[in-house]
Amino acid sequence: MIALGSDHAGLELKNAIKLHLDERKIDYKDYGTYTTDSADYAVYAEKTARAVVNGECRLGLLFCGTGVGISMAANKVRGIRACCCSDKFSAEMTRLHNDANILCLGGRVIDVEKAIELVDVFLDTEFSNDERHIRRIAQITDLENRF
Ligand code: RB5
């Protein structure tokens with residue numbers, strides 16, 4: 001199960017990705033927003049991040065205008081490693097090296113074709129489990145626990 005969330009500025013791109021996930025027969029749950037009314041991205045970042053950290057969903061996809069605000073909010077949730085990407089290399093590496101659990105995309109930054117490319121590589125790439133990356137992620141968790 002994949003968790004989805006957006007504000008109004010990410011809604012259109014989120015809806016396009018839902019169609020793509022339907023085509024790929026990938027199950028998802030959409031935590032809102034559901035309309036184009038102005039919405040606060042932190043609200044939907046929290047709902048989506050919660051579904052990922054409590055294990056209901058294995059990964060999350062978040063959408064706002066730039067992908068930036070919603071990634072900042074999601075990263076405040078303990079256990080979330082959210083990455084805002086607009087290139088395929090970063091979307092792949094953030095799974096391989098950072099074990100990112102949420103990908104954040106900007107509806108005002110990238111088009112649907114690019115978003116599909118990034119979502120596919122993000123969902124299809126497993127964490128490397130390499131010892132040095134495990135160590136570095138543990139250091140991120142340590143920072144989270146100390147501040
Ligand atoms: C909303 O206008 C916009 O600020 C928001 O979607 C996002 O881009 C913030 O980072």
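Note that ligands are numbered from 1 as they come in the structure, with each ligand's atoms numbered from 1 the same way.
With a heavy-atom cut-off of 4.0 Å, Asp7 touches ligand 1 through its side chain alone. Residue contacts with ligand 1 for Ala9 involve side-chain atoms from C-beta outward but no N, CA, C or O (heavy atoms, distance under 4.0 Å).
The side chain to side chain donor-acceptor pair (under 3.5 Å) check on Arg24 picks up Asp120, Asp124, with sequence neighbours excluded.
Between the Thr33 side chain and the His8 main chain, no donor and acceptor come within less than 3.5 Å of each other. In this structure a side-chain-to-backbone donor-acceptor pair under 3.5 Å is missing from Arg81 to Thr141. Asn101 contributes a side-chain N or O that, together with a main-chain N or O of Gly79, makes up a donor-acceptor pair within less than 3.5 Å. With Lys14 contributing its side chain and Tyr34 its backbone, the two residues share no donor-acceptor pair below 3.5 Å.
Applying the ring-ring contact (aromatic ring centres under 6.0 Å, His included) definition to pairs two or more places apart or across chains, those involving residues 90-125 are His97-His133.
Residue, atom and distance of the protein heavy atom nearest to atom 8 (O) of ligand 1 are Thr66 N, 3.0 Å. For atom 10 (O) of ligand 1, the nearest non-hydrogen atom of the protein is Gly69 N, 2.9 Å.
Side chains of Asn98 and Arg136: a donor-acceptor N/O pair is absent below 3.5 angstrom, by distance only.
Geometrically, ligand 1 and Tyr41 share no nitrogen or oxygen pair separated by less than 3.5 Å.
Listed by atom number, the atoms of ligand 1 under 4.0 Å from Gly65 heavy atoms are 5 (C), 6 (O), 7 (C), 8 (O). Against a heavy-atom cut-off of under 4.0 Å, Cys64 is close to the following atoms of ligand 1: 6 (O), 7 (C), 8 (O), 9 (C), 10 (O).
Residue contact check for ligand 1: Arg108 places a non-hydrogen atom closer than 4.0 Å to it.
In this structure, atom 4 (O) of ligand 1 has no protein heavy-atom contact shorter than 4.0 Å.
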